[in-house]
Amino acid sequence: MTNSHPLRSETTSFAMLDPRIQHWIWRSGWTELRDAQDRAIPVILEGKSDLIIAASTASGKTEAAFFPILTRLGRCSDPPPLALYVSPLKALINDQWRRLEELAEALEIEVTPWHGDIPYSRKKRFLADPGGCLLITPESLEAMLCRHGHALSRVFQGLQYVVVDELHAFIGTERGMQLLSLLHRVESLIGRPVMRIGLSATLGDMTLAKKVLRQDGSRKVALIESKSANQELKVLVKGFVEPAKLTLDQSKTGSPARAAVAQDIFDVLRGTNNLVFPNSRDDVEYYSDRLRRMCEERGFPNEFWPHHGNLSKEIREEAEAALKQTERPATAICTSTLELGIDIGPVRSVVQVGPPPSVASLRQRLGRSGRRPGEPMILRADCIEKELGADSGLSIMLREGLSTTVAMIRLLARGWCEPVSKSQLHASTLVQQILSVLAQYGGAHAQQLWELLVTTGPFSAVSAPQFGALLQKLRQNEIIFQDPTGLILLAPKGEAMTQHYSFYAAFSTDDEYTIVSGHRTLGSVPLSRPLYPGGFLIFAGRRWQVISVSEEGRIVQVNPAGGGNLPGFEGALGAALHGRVREEMRAVLRSSEAVPFLDAVGQRLLAEARETYARYDLDKNWLLQLGSDVHILLWTGDRINDTLALALQTRGLKAASEGLSVAVKGISADEARGILLAIGREQIDPIRIAAGVQNKIREKWDGLLPNDLLDACYASANIDVPGVQKVLRAKLNCGPEHFWGENGKTHPIGLPK
DNA sequence: GACCTGCTGCGGGATG
């Protein structure tokens, strides 16, 4: 583009924008609108449908939404027009505020940030004189509805647009359900639907994704998916072998294989900017401490910075600043905190240590590298596998971690990722919404609650008897009561709940100790972690000695020291794996084709896994007798495996889902076959299976649910009886099995140097 | 089950 003709204004949507925005774009030196921006402008200006804009982080999605939104707001006057922008992160609101302010000012449109760190005076000003762009979190919107209910029909009167940023981060979660309910309640207040615009990372199946923006599907959803540039992908997977048995000291302070991974990271990444994703905060601490010491021992300035959710804002910002500055190379060792949209500047490569949690997450992580034109995306994956021994289990023999990693990379290269999961009851969040609506309106009839939240709202999976039982239970617990006219009101207990600030978040969090060194807050660790004066701790990538522990104030004072144990964040490894990934693992194992992106050790490990697969003839055998146990290999996802394990448990068997297989103790393969035949044929009630599960309380208000509803809720989220039966029937009745073919286009993968 | 995220309004004191 030349200066005399900076934009194809006659042929693009550019001409539809407010002249002041055109001027701003021109002054910013943009040579043309991006594809997604160009396509979004007419759809948003017309405003006839909802819209999802799917593209990778920082690809101009926000501008695609706000150029036309501000154009439209600039044209309206009475009532004062308003656009609502909802973000999952306060940090993103602050970013967007900075980016939007100058542009909005040119159009004399007010931009108001509203979250927990914004002073109340600013919020009061907005309530008195609403309009412009309101940037808010779901929690703050909840608080607004709860506390300013009487004023809100006036505040939202001029609402023209709702933008949901990072839509993918809300899907299938309590927060997502809460947000859908809040948006529905706002529309109900003003008595008309408002165009919703979702900004998202690319999602597996976009047709399913359309339902996540407005659950009842009452409006059309337009979809703008930015064409992924044919970018080169370079992949190298390395294998590392761990001795079969570790000494006590090694298992505490770091195994030889982990030390070798750290050495490899040091050798390969030093001198460039990168992101390293181990799968836990403990591993982040291990690697960042070790890598920083390696720098010190060699007399180099440190280039490795830890970043995870338990580190204080200050320490996280240090890591972000180190990545953004250009004087010195920096690598962050991080959890999914750096998967989100925080700006961290260009990154050369992404390192995955251990299998990724999902293909979707791997894609998000990888999208952080190769952002400069002409640069490839570079993925390195390090897999630690145990040396084979006489007592190695199936998972070790089939090299589960390595196979999962290879399978996920192959699916990623083919453009697949996990689809949106099926709808759940979300009864815990329904409790919150009932109480919040009562606070908002000062009371409501059961029928009104039912219509607002269930029949026209997002909780449509809840039945009338379930809803009635829930209201009864809340009444028994003296959270609500009914006056003689039938009006439901908040009882003092419910009043207190909704008045306290802790009510507004839909998700729950554990209590924690704050870790302080001098006057500096380093972060927090769970209360369950045993800490005592004199003990040692590795935290924020450094070593500390505990000076004092205040149980009451929940504060731990530490001083820098030489020793250190890992902080011990709780939790087992792994999220629910999708069935498609297991099918791909099987395809990798049954094939003899070389996997070009494996190093020599990785090749050897894969060869061992394939040898095991062939030796047990796993193409045909799916019931393996190993000692006195039977392993059931369905090559399905975790939901189906978990459901099968529970179904076996309800028959009094000792069964457990172990990832790859479902293990049943003290049984023969023939006996197992008979029982599985019965499970495949019989009528099985998922709620009865859920009733046998202990510790079902997971979400914030699960404790207030009637037992039946809690069971149904658990079943809706975790149990897939038809899935189990379909697989079992195929295994037991039919002949040859169906394997996934190598359909679809394979993205060519190169190797990094 | 990994990981992550969020939160009100008053009242007192200083300042213009």
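Atom NE2 of A/His308 is separated from atom P of B/dA2 by 15 Å (rounded to the nearest Å). Atom CD1 of A/Ile136 is separated from atom P of B/dG6 by 13 Å (rounded to the nearest Å). Rounded to whole angstrom, the span from the CD atom of A/Gln364 across to the C1' atom of B/dC3 amounts to 13 Å.
With centres under 5.5 Å and a plane angle under 30° as the test, the ring of A/Phe503 is not stacked against the base of B/dC7.
The side chain of A/Ala575 approaches B/dA2 more closely than any other nucleotide in the set B/dC4, B/dG6, B/dA2. For A/Ala576, the side-chain atoms get nearest to B/dG1 when compared with the rest of B/dG1, B/dA2, B/dT5.
Using a cut-off of 4.0 Å between Lys/Arg side-chain N and Asp/Glu carboxylate O, A/Glu139 and A/Arg175 are scored as salt-bridged.
You won't find any donor-acceptor pair under 3.5 Å spanning the side chain of A/Asp638 and the base of B/dG1, going by distance alone.
Taking side-chain N and O atoms only, A/Thr137 has a distance below 4.0 Å to OP1 or OP2 of B/dC7. Distances shorter than 4.0 Å separate some side-chain N or O of A/Lys90 from OP1 or OP2 on B/dC7. Contact check, A/Ser140 against B/dC7: a side-chain N or O comes under 4.0 Å of OP1 or OP2. Between A/Arg281 and the phosphate of B/dC3, there is a side-chain N or O to OP1/OP2 separation shorter than 4.0 Å.
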(message) Protein within reach of the bases, or only the backbone? For nucleotides 9-16 of chain B, mark each nucleotide 5' to 3' as B, S or -, using heavy atoms under 4.0 Å.
(response) SS------

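A/Tyr504 comes within 4.0 angstrom of sugar-phosphate atoms only, judged by non-hydrogen atoms across all strands, and of no base.
Pairs of residues two or more places apart, or lying in two chains, never qualify as salt bridge (Lys or Arg N to Asp or Glu O under 4.0 Å) while including a residue from residues 425-434 of chain A.
A donor-acceptor contact closer than 3.5 angstrom links the side chains of A/Ser657 and A/Asp642.
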